[in-house]
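Notes follow once the structure below has been shown.
Note on naming: letters A, B, ... go to the chains in the order of the sequence lines (proteins, then strands), and numbering restarts at 1 for each one.
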Amino acid sequence: MLLIDLARTSAAVAADSARLVKIRHLAELLARVGPDEAEIAIAYLSGELPQRQLGVGFASLRDLPEPRLAATATLSRVDDLLSRIRTQSGPGSQAARKALLEELFASLTRPEQTFLSRLIRGELRQGALDGVMIEAVAKASGAPAAEVRRALMLRGWLPAVGAAALSGGVEALRAFRLEVGRPVSPMLAQSAPSVAAALERVGGRAALEWKLDGVRVQAHRSGETVSVFTRALEDITAQVPELVEVVRALPVADLVLDGEVIALRPDGRPEPFQITSGRVASRTDVARARLSTPLSVFFFDALRVDGADLLDLPDETRHAELARAVPPELITPRLVTGDVARGEEFFKEVVGRGHEGVVVKSPDSPYAAGRRGAGWIKVKPRHTLDLVVLAAEWGSGRREGRLSNLHLGARDPSGGGFVMLGKTFKGLTDELLAWQTERFLELAEGPVDGWTVRVRPELVVEIAFDGVQRSGRYPGGMALRFARVIRYRPDKTPDQADTVETVRSLMI
DNA sequence: TTCCGACAGTGGGGTCGCAAT
DNA sequence: ATTGCGACCCCACTATCGGAA
(Lines give C-alpha, C1' and ligand atoms only; values in the text may rest on other atoms or scores of the structure.)
Protein backbone atom coordinates (compact mmCIF):
# COMPACT_ATOMS: atom_id res chain seq x y z
CA MET A 1 0.00 0.00 0.00
CA LEU A 2 1.12 3.56 -0.68
CA LEU A 3 1.69 6.20 1.96
CA ILE A 4 -0.53 8.55 -0.05
CA ASP A 5 -3.50 6.26 0.65
CA LEU A 6 -2.98 6.80 4.37
CA ALA A 7 -2.41 10.52 3.94
CA ARG A 8 -5.71 10.80 2.06
CA THR A 9 -7.58 8.72 4.63
CA SER A 10 -6.12 10.79 7.44
CA ALA A 11 -7.23 13.99 5.71
CA ALA A 12 -10.74 12.59 5.27
CA VAL A 13 -10.83 11.55 8.93
CA ALA A 14 -9.73 15.03 9.97
CA ALA A 15 -12.27 16.72 7.70
CA ASP A 16 -15.37 15.29 9.38
CA SER A 17 -16.01 15.73 13.09
CA ALA A 18 -18.49 12.83 13.31
CA ARG A 19 -16.80 9.84 14.92
CA LEU A 20 -18.90 7.33 13.01
CA VAL A 21 -17.66 8.86 9.74
CA LYS A 22 -14.05 8.71 10.96
CA ILE A 23 -14.52 5.06 11.85
CA ARG A 24 -15.97 4.34 8.41
CA HIS A 25 -13.02 5.95 6.62
CA LEU A 26 -10.51 4.06 8.76
CA ALA A 27 -12.33 0.73 8.42
CA GLU A 28 -12.48 1.10 4.64
CA LEU A 29 -8.73 1.54 4.49
CA LEU A 30 -8.11 -1.39 6.84
CA ALA A 31 -10.20 -3.59 4.57
CA ARG A 32 -7.78 -2.83 1.73
CA VAL A 33 -4.43 -3.20 3.46
CA GLY A 34 -2.47 -6.44 3.07
CA PRO A 35 -1.43 -8.55 6.08
CA ASP A 36 2.26 -7.59 5.74
CA GLU A 37 1.49 -3.89 6.03
CA ALA A 38 -1.49 -3.97 8.40
CA GLU A 39 0.56 -3.17 11.51
CA ILE A 40 2.15 -0.18 9.86
CA ALA A 41 -1.18 1.16 8.61
CA ILE A 42 -2.86 0.76 11.99
CA ALA A 43 0.11 2.35 13.75
CA TYR A 44 0.27 5.40 11.45
CA LEU A 45 -3.48 5.99 11.45
CA SER A 46 -3.68 5.85 15.23
CA GLY A 47 -0.79 8.28 15.64
CA GLU A 48 1.93 5.74 16.47
CA LEU A 49 5.16 4.57 14.91
CA PRO A 50 6.11 0.88 14.86
CA GLN A 51 9.57 2.08 15.99
CA ARG A 52 7.86 3.86 18.94
CA GLN A 53 10.69 6.45 18.99
CA LEU A 54 13.07 7.75 16.34
CA GLY A 55 15.30 10.31 17.98
CA VAL A 56 13.62 12.78 15.63
CA GLY A 57 11.38 15.56 16.89
CA PHE A 58 10.07 19.00 16.17
CA ALA A 59 13.50 20.58 15.69
CA SER A 60 14.70 17.99 13.17
CA LEU A 61 11.61 18.51 11.01
CA ARG A 62 11.78 22.28 10.74
CA ASP A 63 12.86 22.52 7.14
CA LEU A 64 11.81 19.76 4.78
CA PRO A 65 13.19 19.18 1.27
CA GLU A 66 11.18 20.07 -1.85
CA PRO A 67 8.34 17.59 -2.33
CA ARG A 68 7.95 15.33 -5.34
CA LEU A 69 4.96 15.36 -7.66
CA ALA A 70 4.39 11.62 -8.02
CA ALA A 71 3.42 9.52 -5.01
CA THR A 72 5.33 6.25 -5.10
CA ALA A 73 6.41 5.56 -1.49
CA THR A 74 5.06 2.33 -0.05
CA LEU A 75 4.39 1.76 3.65
CA SER A 76 7.11 -0.89 3.76
CA ARG A 77 9.72 1.45 2.33
CA VAL A 78 8.84 4.28 4.72
CA ASP A 79 8.88 1.87 7.64
CA ASP A 80 12.26 0.57 6.55
CA LEU A 81 13.81 4.02 6.39
CA LEU A 82 12.37 4.97 9.78
CA SER A 83 13.91 1.83 11.27
CA ARG A 84 17.29 2.82 9.86
CA ILE A 85 16.87 6.29 11.34
CA ARG A 86 16.05 4.85 14.74
CA THR A 87 19.09 2.58 14.88
CA GLN A 88 21.65 5.36 14.32
CA SER A 89 23.77 6.01 17.40
CA GLY A 90 27.19 7.21 18.46
CA PRO A 91 29.28 10.05 17.05
CA GLY A 92 28.00 11.31 13.73
CA SER A 93 24.57 9.83 14.34
CA GLN A 94 22.77 13.16 14.20
CA ALA A 95 24.17 13.86 10.75
CA ALA A 96 23.36 10.33 9.63
CA ARG A 97 19.82 10.68 10.93
CA LYS A 98 19.43 14.00 9.18
CA ALA A 99 20.64 12.54 5.88
CA LEU A 100 18.23 9.60 6.07
CA LEU A 101 15.40 11.95 7.00
CA GLU A 102 16.24 14.11 3.94
CA GLU A 103 16.29 11.05 1.71
CA LEU A 104 12.93 9.91 3.03
CA PHE A 105 11.15 13.26 2.81
CA ALA A 106 12.64 14.05 -0.62
CA SER A 107 10.85 10.95 -1.92
CA LEU A 108 7.42 12.17 -0.76
CA THR A 109 4.75 14.44 -2.18
CA ARG A 110 3.54 17.47 -0.21
CA PRO A 111 0.52 15.75 1.40
CA GLU A 112 2.67 12.75 2.33
CA GLN A 113 5.29 15.03 3.87
CA THR A 114 2.63 16.80 5.91
CA PHE A 115 1.14 13.54 7.15
CA LEU A 116 4.46 11.93 8.07
CA SER A 117 5.84 15.05 9.69
CA ARG A 118 2.76 15.38 11.90
CA LEU A 119 2.89 11.69 12.73
CA ILE A 120 6.54 11.84 13.79
CA ARG A 121 5.89 14.94 15.91
CA GLY A 122 2.96 13.19 17.56
CA GLU A 123 0.48 15.80 16.32
CA LEU A 124 -1.69 13.94 13.85
CA ARG A 125 -4.71 16.07 14.81
CA GLN A 126 -7.21 13.98 12.88
CA GLY A 127 -9.52 13.47 15.88
CA ALA A 128 -8.77 9.77 15.99
CA LEU A 129 -6.21 7.84 18.04
CA ASP A 130 -6.50 4.50 19.83
CA GLY A 131 -10.10 4.93 20.91
CA VAL A 132 -11.45 5.50 17.41
CA MET A 133 -9.07 2.98 15.83
CA ILE A 134 -10.39 0.26 18.16
CA GLU A 135 -13.83 0.83 16.68
CA ALA A 136 -12.44 0.82 13.15
CA VAL A 137 -10.60 -2.45 13.73
CA ALA A 138 -13.81 -3.92 15.13
CA LYS A 139 -15.78 -2.78 12.10
CA ALA A 140 -13.21 -4.01 9.57
CA SER A 141 -12.65 -7.37 11.26
CA GLY A 142 -16.20 -8.11 12.34
CA ALA A 143 -15.07 -8.66 15.93
CA PRO A 144 -16.80 -6.88 18.84
CA ALA A 145 -15.04 -3.71 20.00
CA ALA A 146 -14.97 -5.06 23.56
CA GLU A 147 -12.82 -7.98 22.37
CA VAL A 148 -10.42 -5.61 20.62
CA ARG A 149 -10.21 -3.47 23.74
CA ARG A 150 -9.51 -6.44 25.97
CA ALA A 151 -6.81 -7.79 23.67
CA LEU A 152 -5.25 -4.32 23.64
CA MET A 153 -5.13 -4.24 27.42
CA LEU A 154 -3.34 -7.61 27.47
CA ARG A 155 -0.94 -6.91 24.60
CA GLY A 156 -0.43 -3.18 25.12
CA TRP A 157 0.12 -2.43 21.40
CA LEU A 158 -2.86 -1.77 19.13
CA PRO A 159 -1.09 -2.33 15.77
CA ALA A 160 -0.31 -5.93 16.76
CA VAL A 161 -3.82 -6.50 18.09
CA GLY A 162 -5.48 -4.90 15.08
CA ALA A 163 -3.41 -6.89 12.58
CA ALA A 164 -4.33 -10.10 14.41
CA ALA A 165 -8.02 -9.16 14.33
CA LEU A 166 -7.93 -8.40 10.60
CA SER A 167 -6.34 -11.72 9.74
CA GLY A 168 -7.82 -14.03 12.36
CA GLY A 169 -11.01 -12.37 13.62
CA VAL A 170 -12.34 -12.82 17.10
CA GLU A 171 -10.50 -16.12 17.66
CA ALA A 172 -7.18 -14.39 17.10
CA LEU A 173 -8.18 -11.72 19.63
CA ARG A 174 -9.11 -14.32 22.23
CA ALA A 175 -5.66 -15.84 21.87
CA PHE A 176 -4.18 -12.79 23.62
CA ARG A 177 -3.65 -13.72 27.25
CA LEU A 178 -1.93 -12.23 30.23
CA GLU A 179 1.69 -13.26 29.82
CA VAL A 180 4.19 -12.96 32.62
CA GLY A 181 7.01 -10.75 31.39
CA ARG A 182 4.84 -8.75 28.98
CA PRO A 183 3.28 -5.59 30.42
CA VAL A 184 -0.47 -5.02 30.55
CA SER A 185 -1.99 -1.57 29.92
CA PRO A 186 -2.54 -0.21 33.42
CA MET A 187 -5.87 0.72 34.93
CA LEU A 188 -6.14 4.49 35.38
CA ALA A 189 -8.23 6.61 37.71
CA GLN A 190 -10.75 9.36 37.18
CA SER A 191 -10.78 12.26 39.62
CA ALA A 192 -13.27 13.80 42.02
CA PRO A 193 -13.15 17.02 44.04
CA SER A 194 -13.83 15.37 47.41
CA VAL A 195 -13.97 12.04 49.18
CA ALA A 196 -17.74 12.47 49.55
CA ALA A 197 -18.15 12.95 45.79
CA ALA A 198 -15.93 9.95 45.05
CA LEU A 199 -17.82 7.72 47.47
CA GLU A 200 -21.11 8.76 45.94
CA ARG A 201 -19.90 7.93 42.45
CA VAL A 202 -18.64 4.53 43.54
CA GLY A 203 -21.96 3.93 45.27
CA GLY A 204 -21.61 3.27 48.99
CA ARG A 205 -18.89 1.01 50.33
CA ALA A 206 -15.45 1.55 48.88
CA ALA A 207 -11.76 0.93 49.46
CA LEU A 208 -9.65 4.04 50.10
CA GLU A 209 -5.92 3.82 49.51
CA TRP A 210 -3.01 6.21 49.96
CA LYS A 211 -2.11 7.95 46.72
CA LEU A 212 1.68 8.15 46.64
CA ASP A 213 3.44 10.74 44.51
CA GLY A 214 5.89 8.38 42.84
CA VAL A 215 6.20 6.36 39.65
CA ARG A 216 3.71 3.65 38.70
CA VAL A 217 5.25 0.20 38.37
CA GLN A 218 4.05 -3.16 37.12
CA ALA A 219 6.22 -5.99 38.42
CA HIS A 220 6.31 -9.41 36.75
CA ARG A 221 7.95 -12.49 38.21
CA SER A 222 8.36 -15.92 36.69
CA GLY A 223 10.65 -18.05 38.81
CA GLU A 224 13.80 -16.01 39.40
CA THR A 225 13.13 -13.71 36.43
CA VAL A 226 11.66 -10.32 37.40
CA SER A 227 10.78 -7.45 35.07
CA VAL A 228 9.42 -4.01 35.91
CA PHE A 229 7.44 -1.70 33.62
CA THR A 230 6.17 1.87 33.84
CA ARG A 231 2.69 3.17 33.09
CA ALA A 232 3.69 3.64 29.44
CA LEU A 233 5.02 0.05 29.44
CA GLU A 234 8.69 1.05 29.36
CA ASP A 235 11.02 -1.57 30.81
CA ILE A 236 12.83 -0.07 33.83
CA THR A 237 14.00 -3.33 35.43
CA ALA A 238 17.66 -2.26 35.44
CA GLN A 239 16.88 1.07 37.14
CA VAL A 240 15.08 -0.35 40.18
CA PRO A 241 17.23 -3.18 41.62
CA GLU A 242 15.74 -2.87 45.08
CA LEU A 243 12.28 -3.53 43.67
CA VAL A 244 13.59 -6.56 41.78
CA GLU A 245 15.07 -7.92 45.00
CA VAL A 246 11.85 -7.34 46.93
CA VAL A 247 9.78 -9.21 44.34
CA ARG A 248 12.28 -12.04 44.09
CA ALA A 249 12.12 -12.51 47.87
CA LEU A 250 8.33 -12.98 47.91
CA PRO A 251 7.06 -16.48 48.69
CA VAL A 252 5.19 -16.71 45.35
CA ALA A 253 7.19 -17.34 42.17
CA ASP A 254 4.52 -16.50 39.59
CA LEU A 255 3.24 -12.96 39.92
CA VAL A 256 2.05 -9.79 38.22
CA LEU A 257 1.70 -6.88 40.67
CA ASP A 258 0.66 -3.25 40.29
CA GLY A 259 2.13 -0.57 42.54
CA GLU A 260 4.13 2.60 43.01
CA VAL A 261 7.80 3.22 43.75
CA ILE A 262 8.72 6.29 45.75
CA ALA A 263 11.76 7.77 47.47
CA LEU A 264 11.06 8.26 51.18
CA ARG A 265 13.05 10.21 53.73
CA PRO A 266 14.38 8.41 56.81
CA ASP A 267 11.34 9.67 58.74
CA GLY A 268 9.01 8.03 56.21
CA ARG A 269 7.78 11.23 54.63
CA PRO A 270 7.92 11.37 50.84
CA GLU A 271 10.69 13.12 48.91
CA PRO A 272 9.43 15.64 46.31
CA PHE A 273 8.34 13.97 43.08
CA GLN A 274 11.42 15.35 41.29
CA ILE A 275 13.67 13.21 43.50
CA THR A 276 11.77 9.97 42.83
CA SER A 277 11.46 10.74 39.15
CA GLY A 278 15.15 11.51 38.75
CA ARG A 279 16.15 8.36 40.60
CA VAL A 280 13.93 6.12 38.44
CA ALA A 281 15.27 7.76 35.26
CA SER A 282 18.93 7.29 36.26
CA ARG A 283 20.60 4.57 34.23
CA THR A 284 24.33 5.28 34.36
CA ASP A 285 25.29 4.54 37.96
CA VAL A 286 22.35 2.80 39.52
CA ALA A 287 24.39 1.29 42.35
CA ARG A 288 25.40 4.74 43.55
CA ALA A 289 21.99 6.31 42.95
CA ARG A 290 20.46 3.58 45.05
CA LEU A 291 22.72 4.38 48.00
CA SER A 292 21.87 8.09 48.02
CA THR A 293 18.21 7.75 47.06
CA PRO A 294 16.74 4.35 47.91
CA LEU A 295 13.31 3.52 46.53
CA SER A 296 10.43 1.99 48.45
CA VAL A 297 7.64 0.09 46.78
CA PHE A 298 3.97 -0.19 47.70
CA PHE A 299 1.71 -2.61 45.84
CA PHE A 300 -2.03 -2.05 45.53
CA ASP A 301 -3.20 -4.69 43.06
CA ALA A 302 -2.47 -8.21 41.87
CA LEU A 303 -3.22 -9.25 38.29
CA ARG A 304 -1.82 -12.73 38.63
CA VAL A 305 -0.83 -14.86 41.61
CA ASP A 306 0.47 -18.41 41.39
CA GLY A 307 -0.85 -19.26 37.93
CA ALA A 308 -4.26 -17.63 38.36
CA ASP A 309 -5.27 -14.61 36.24
CA LEU A 310 -7.19 -12.18 38.42
CA LEU A 311 -8.09 -9.42 35.95
CA ASP A 312 -11.78 -10.23 35.78
CA LEU A 313 -12.23 -10.74 39.50
CA PRO A 314 -13.58 -7.92 41.69
CA ASP A 315 -11.12 -5.55 43.37
CA GLU A 316 -11.85 -7.03 46.78
CA THR A 317 -10.88 -10.53 45.64
CA ARG A 318 -7.74 -9.32 43.89
CA HIS A 319 -6.73 -7.45 47.00
CA ALA A 320 -7.21 -10.55 49.14
CA GLU A 321 -4.90 -12.40 46.74
CA LEU A 322 -2.39 -9.56 46.96
CA ALA A 323 -2.42 -9.84 50.75
CA ARG A 324 -1.75 -13.56 50.45
CA ALA A 325 1.34 -13.05 48.29
CA VAL A 326 2.83 -9.86 49.71
CA PRO A 327 3.64 -8.88 53.34
CA PRO A 328 1.63 -5.97 54.77
CA GLU A 329 4.55 -3.51 54.86
CA LEU A 330 4.72 -3.69 51.05
CA ILE A 331 1.01 -3.04 50.55
CA THR A 332 -0.43 0.46 50.11
CA PRO A 333 -2.34 1.34 53.30
CA ARG A 334 -6.06 0.88 52.71
CA LEU A 335 -9.37 1.43 54.46
CA VAL A 336 -12.65 -0.15 53.42
CA THR A 337 -15.64 1.91 54.45
CA GLY A 338 -18.97 3.31 53.34
CA ASP A 339 -18.82 6.10 55.87
CA VAL A 340 -18.07 9.56 54.47
CA ALA A 341 -16.75 10.93 57.77
CA ARG A 342 -14.31 8.04 58.20
CA GLY A 343 -13.21 8.42 54.60
CA GLU A 344 -12.54 12.12 55.05
CA GLU A 345 -10.59 11.44 58.22
CA PHE A 346 -8.44 8.93 56.32
CA PHE A 347 -7.86 11.51 53.56
CA LYS A 348 -6.75 14.11 56.12
CA GLU A 349 -4.36 11.67 57.72
CA VAL A 350 -2.76 10.73 54.38
CA VAL A 351 -2.31 14.35 53.37
CA GLY A 352 -0.95 15.14 56.84
CA ARG A 353 1.75 12.54 56.25
CA GLY A 354 2.80 14.47 53.16
CA HIS A 355 1.27 12.19 50.54
CA GLU A 356 -0.72 13.19 47.48
CA GLY A 357 -4.22 12.11 48.44
CA VAL A 358 -6.32 8.96 48.18
CA VAL A 359 -7.67 6.66 45.50
CA VAL A 360 -11.24 5.52 46.07
CA LYS A 361 -11.92 2.09 44.57
CA SER A 362 -15.13 0.24 43.94
CA PRO A 363 -14.80 -3.19 45.60
CA ASP A 364 -16.71 -4.83 42.73
CA SER A 365 -14.84 -3.51 39.73
CA PRO A 366 -12.58 -5.72 37.60
CA TYR A 367 -9.17 -4.58 36.38
CA ALA A 368 -9.84 -2.51 33.26
CA ALA A 369 -7.23 -0.57 31.31
CA GLY A 370 -7.67 3.10 30.62
CA ARG A 371 -10.10 5.47 32.26
CA ARG A 372 -13.06 3.33 31.28
CA GLY A 373 -15.72 3.00 33.94
CA ALA A 374 -15.43 4.57 37.37
CA GLY A 375 -13.63 1.81 39.22
CA TRP A 376 -10.89 4.06 40.59
CA ILE A 377 -11.29 7.71 41.55
CA LYS A 378 -8.48 9.88 42.86
CA VAL A 379 -8.98 12.71 45.31
CA LYS A 380 -6.31 15.32 45.97
CA PRO A 381 -6.36 18.56 47.95
CA ARG A 382 -6.53 21.67 45.81
CA HIS A 383 -4.68 24.91 46.58
CA THR A 384 -5.50 28.25 45.01
CA LEU A 385 -3.77 31.59 44.58
CA ASP A 386 -4.71 34.92 43.05
CA LEU A 387 -1.99 35.71 40.51
CA VAL A 388 -1.37 38.33 37.87
CA VAL A 389 -1.21 37.69 34.12
CA LEU A 390 2.18 38.90 32.83
CA ALA A 391 1.95 37.64 29.22
CA ALA A 392 0.17 35.16 26.98
CA GLU A 393 1.20 32.91 24.11
CA TRP A 394 -0.68 32.36 20.87
CA GLY A 395 -2.41 28.97 20.80
CA SER A 396 -2.22 26.27 18.17
CA GLY A 397 -4.66 23.80 16.62
CA ARG A 398 -8.20 24.64 17.67
CA ARG A 399 -6.76 27.54 19.68
CA GLU A 400 -5.09 29.11 16.64
CA GLY A 401 -5.66 32.87 16.67
CA ARG A 402 -6.43 32.88 20.39
CA LEU A 403 -4.14 34.00 23.16
CA SER A 404 -4.04 30.84 25.19
CA ASN A 405 -1.12 30.03 27.45
CA LEU A 406 -0.87 32.46 30.38
CA HIS A 407 2.31 33.55 32.13
CA LEU A 408 1.52 33.84 35.83
CA GLY A 409 3.21 36.05 38.39
CA ALA A 410 3.07 36.55 42.14
CA ARG A 411 3.45 39.99 43.69
CA ASP A 412 6.91 40.90 44.94
CA PRO A 413 6.40 43.46 47.73
CA SER A 414 10.15 44.11 48.04
CA GLY A 415 10.82 44.89 44.39
CA GLY A 416 7.40 46.26 43.55
CA GLY A 417 7.06 43.98 40.52
CA PHE A 418 5.91 40.44 39.84
CA VAL A 419 7.77 37.13 39.85
CA MET A 420 6.81 34.56 37.23
CA LEU A 421 5.82 31.16 38.64
CA GLY A 422 4.89 29.27 35.52
CA LYS A 423 2.30 29.04 32.77
CA THR A 424 -1.12 27.53 32.25
CA PHE A 425 -3.58 26.94 29.44
CA LYS A 426 -5.96 24.76 31.42
CA GLY A 427 -9.46 25.53 32.60
CA LEU A 428 -10.27 28.02 29.83
CA THR A 429 -13.58 27.80 28.01
CA ASP A 430 -13.94 28.98 24.40
CA GLU A 431 -15.81 32.01 25.70
CA LEU A 432 -13.01 32.89 28.11
CA LEU A 433 -10.40 32.39 25.40
CA ALA A 434 -12.21 34.84 23.15
CA TRP A 435 -12.59 37.35 25.96
CA GLN A 436 -8.98 37.20 27.14
CA THR A 437 -7.61 37.46 23.60
CA GLU A 438 -9.45 40.73 23.12
CA ARG A 439 -8.55 42.03 26.57
CA PHE A 440 -4.84 41.10 26.28
CA LEU A 441 -4.53 42.89 22.97
CA GLU A 442 -5.81 46.04 24.69
CA LEU A 443 -3.26 45.60 27.46
CA ALA A 444 -0.39 44.63 25.15
CA GLU A 445 3.03 46.07 25.84
CA GLY A 446 5.21 45.64 22.81
CA PRO A 447 4.73 43.53 19.68
CA VAL A 448 1.72 41.22 19.29
CA ASP A 449 2.91 39.31 16.24
CA GLY A 450 5.49 37.10 17.96
CA TRP A 451 5.06 33.93 19.96
CA THR A 452 4.44 35.74 23.24
CA VAL A 453 2.45 38.90 23.90
CA ARG A 454 3.49 40.82 27.01
CA VAL A 455 0.64 42.60 28.79
CA ARG A 456 0.40 45.31 31.42
CA PRO A 457 0.08 43.41 34.73
CA GLU A 458 -3.49 44.44 35.51
CA LEU A 459 -5.56 41.24 35.40
CA VAL A 460 -5.88 39.02 38.48
CA VAL A 461 -6.73 35.39 37.91
CA GLU A 462 -7.53 32.67 40.44
CA ILE A 463 -5.30 29.66 39.86
CA ALA A 464 -5.62 26.15 41.26
CA PHE A 465 -2.52 23.97 41.58
CA ASP A 466 -1.27 20.82 43.27
CA GLY A 467 1.88 22.13 44.88
CA VAL A 468 4.94 24.36 44.62
CA GLN A 469 8.11 22.74 43.37
CA ARG A 470 11.74 23.84 43.13
CA SER A 471 12.56 25.34 39.76
CA GLY A 472 15.75 26.24 37.97
CA ARG A 473 13.78 27.88 35.19
CA TYR A 474 11.94 30.66 36.97
CA PRO A 475 13.51 33.63 38.77
CA GLY A 476 11.85 32.92 42.12
CA GLY A 477 13.36 29.42 42.16
CA MET A 478 9.92 27.87 42.32
CA ALA A 479 7.11 26.81 39.99
CA LEU A 480 3.51 25.71 40.34
CA ARG A 481 2.64 22.09 39.64
CA PHE A 482 -0.45 21.46 37.47
CA ALA A 483 -1.60 25.08 37.46
CA ARG A 484 -5.06 25.74 35.99
CA VAL A 485 -7.45 28.68 35.74
CA ILE A 486 -10.47 28.75 38.03
CA ARG A 487 -11.77 32.24 37.12
CA TYR A 488 -10.73 35.81 36.56
CA ARG A 489 -11.03 38.12 39.55
CA PRO A 490 -12.30 41.46 38.20
CA ASP A 491 -13.02 42.40 41.81
CA LYS A 492 -9.30 42.36 42.60
CA THR A 493 -6.46 44.66 41.59
CA PRO A 494 -2.85 43.46 41.14
CA ASP A 495 -1.79 44.96 44.46
CA GLN A 496 -4.22 42.51 46.10
CA ALA A 497 -2.63 39.50 44.41
CA ASP A 498 -0.82 36.85 46.45
CA THR A 499 2.84 37.43 47.20
CA VAL A 500 5.98 35.40 46.52
CA GLU A 501 6.37 34.91 50.28
CA THR A 502 2.96 33.24 50.43
CA VAL A 503 3.96 30.96 47.59
CA ARG A 504 7.35 30.20 49.15
CA SER A 505 5.64 29.14 52.38
CA LEU A 506 3.76 26.49 50.38
CA MET A 507 6.92 24.93 48.94
CA ILE A 508 7.69 21.49 50.31
C1' DT B 1 -35.45 14.60 24.72
C1' DT B 2 -31.82 15.06 27.95
C1' DC B 3 -27.85 13.19 30.18
C1' DC B 4 -23.41 11.43 30.60
C1' DG B 5 -19.29 8.33 29.38
C1' DA B 6 -15.41 8.17 26.48
C1' DC B 7 -12.10 10.46 23.58
C1' DA B 8 -9.08 13.76 21.56
C1' DG B 9 -6.73 17.97 21.88
C1' DT B 10 -3.97 21.48 24.23
C1' DG B 11 -0.50 22.19 26.37
C1' DG B 12 2.30 22.42 31.80
C1' DG B 13 7.27 21.38 34.92
C1' DG B 14 11.12 18.39 35.67
C1' DT B 15 14.92 14.94 34.76
C1' DC B 16 18.09 12.06 32.30
C1' DG B 17 21.20 10.68 28.42
C1' DC B 18 23.31 11.69 24.26
C1' DA B 19 25.62 14.22 20.58
C1' DA B 20 27.31 18.47 19.17
C1' DT B 21 29.58 22.78 20.27
C1' DA C 1 31.80 22.10 30.52
C1' DT C 2 27.67 23.62 28.39
C1' DT C 3 23.74 23.47 25.30
C1' DG C 4 19.98 21.61 22.59
C1' DC C 5 17.13 17.91 21.76
C1' DG C 6 14.33 13.86 22.44
C1' DA C 7 12.04 10.77 25.45
C1' DC C 8 9.52 10.05 29.40
C1' DC C 9 7.93 10.77 34.43
C1' DC C 10 4.00 13.21 36.58
C1' DC C 11 -0.59 15.50 34.68
C1' DA C 12 -5.88 18.94 34.36
C1' DC C 13 -9.25 20.48 31.89
C1' DT C 14 -12.93 21.49 27.94
C1' DA C 15 -15.50 20.35 23.72
C1' DT C 16 -17.72 17.01 21.25
C1' DC C 17 -20.09 12.88 19.68
C1' DG C 18 -23.28 9.40 20.23
C1' DG C 19 -25.31 5.81 23.00
C1' DA C 20 -27.95 5.35 27.41
C1' DA C 21 -31.65 6.74 30.14
At under 4.0 Å between heavy atoms, what does [X] touch on the DNA or RNA strands: base, sugar-phosphate, or nothing?
X	answer
Val485(A)	nothing
Asp466(A)	nothing
Lys98(A)	nothing
Ala464(A)	nothing
Arg402(A)	nothing
Lys426(A)	base
Ser282(A)	sugar-phosphate
Asp130(A)	sugar-phosphate
Glu123(A)	nothing
Val280(A)	nothing

Does the side chain of [X] pick up a donor-acceptor pair with the side chain of [Y] at under 3.5 Å?
X	Y	result
Glu209(A)	Thr332(A)	no
Gln436(A)	Tyr488(A)	yes
Arg484(A)	Thr424(A)	no

Strictly below 4.0 Å: does [X] bring a side-chain N or O up to OP1 or OP2 of [N]?
X	N	result
Ser277(A)	dT15(B)	no
Arg473(A)	dG14(B)	yes
Gln190(A)	dA6(B)	yes
Ser404(A)	dG11(B)	yes
Arg484(A)	dC13(C)	yes
Lys423(A)	dT10(B)	no
Lys22(A)	dC7(B)	no
Arg216(A)	dC8(C)	no
Ser60(A)	dG6(C)	yes
Thr284(A)	dG17(B)	yes
Arg231(A)	dC8(C)	no
Ser471(A)	dG14(B)	yes
Ser17(A)	dC17(C)	yes

**Prompt:** Would Arg481(A) count as a cation-pi partner of Phe273(A), with NZ or CZ less than 6.0 Å from the six-membered ring centre and within 45° of the ring normal?
**Reply:**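 Yes, Arg481(A) sits over the ring of Phe273(A).
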**Item:** Cation-pi check, Arg353(A) onto Trp210(A) ring (under 6.0 Å, within 45° of axis)
**Value:**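 Checked: cation-pi criterion not met.
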Nearest to the side chain of [X], heavy atoms from C-beta on, is which of [options]?
X	options	result
Phe273(A)	dG12(B), dG13(B), dT10(B)	dG13(B)
Arg125(A)	dG9(B), dC10(C), dG17(B)	dG9(B)
Gln274(A)	dA8(B), dT15(B), dT16(C)	dT15(B)
Gln53(A)	dC8(C), dA15(C), dC10(C)	dC8(C)
Glu393(A)	dC7(B), dG18(C), dG12(B)	dG12(B)
Arg19(A)	dG13(B), dC5(C), dC17(C)	dC17(C)
Ala479(A)	dG14(B), dC5(C), dG11(B)	dG14(B)
Arg398(A)	dC9(C), dC13(C), dT10(B)	dT10(B)

Distance, rounded to the nearest Å, where [X] contributes [atom1] and [N] contributes [atom2]:
X	N	atom1	atom2	value
Leu433(A)	dT14(C)	CG	C1'	10 Å
Lys211(A)	dC10(C)	NZ	P	9 Å
Asn405(A)	dG11(B)	CG	P	7 Å
Arg279(A)	dT15(B)	CZ	C1'	14 Å
Arg201(A)	dC4(B)	CZ	P	12 Å
Tyr474(A)	dG13(B)	OH	C1'	7 Å
Ile23(A)	dG18(C)	CD1	P	8 Å

**Among Arg470(A), Arg279(A), Arg265(A), the one residue meeting salt bridge (charged side-chain N to carboxylate O under 4.0 Å, His left out) with Glu271(A)** =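 Of the listed options, the one satisfying the test is Arg265(A).
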**Request:** Could you check Gly278(A) against Met420(A) and say which one's nearest nucleotide on DNA chain B is further toward the 5' end?
**Result:**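 Checking each residue's closest nucleotide, the 5'-ward one belongs to Met420(A).
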**Message:** Assuming nearest nucleotide by heavy-atom distance, tell me which of Ala281(A) and Thr424(A) is located more 5' along DNA chain B.
**Reply:**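 Taking each residue's closest nucleotide, the earlier one in sequence belongs to Thr424(A).
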**Message:** Let's test this: given Watson-Crick or G-U wobble pairing with both distances under 3.5 Å, identify the partner of dG19(C).
**Reply:**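 Answer to the pairing question: dC3(B), which forms a Watson-Crick or G-U pair with dG19(C).
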**Request:** Applying side chain to side chain contact (heavy atoms under 4.5 Å, CB included) between Val217(A) and each of Val240(A), Val280(A), Leu257(A), Ile236(A), report the one that passes.
**Result:**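 Of Val240(A), Val280(A), Leu257(A), Ile236(A), side chain to side chain contact (heavy atoms under 4.5 Å, CB included) with Val217(A) is met by Ile236(A) alone.
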**Prompt:** Can you name the nearest heavy-atom pair linking Leu406(A) to Ala392(A), along with the distance?
**Reply:**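 Closest approach of Leu406(A) to Ala392(A): CD2-CB, 4.2 Å.
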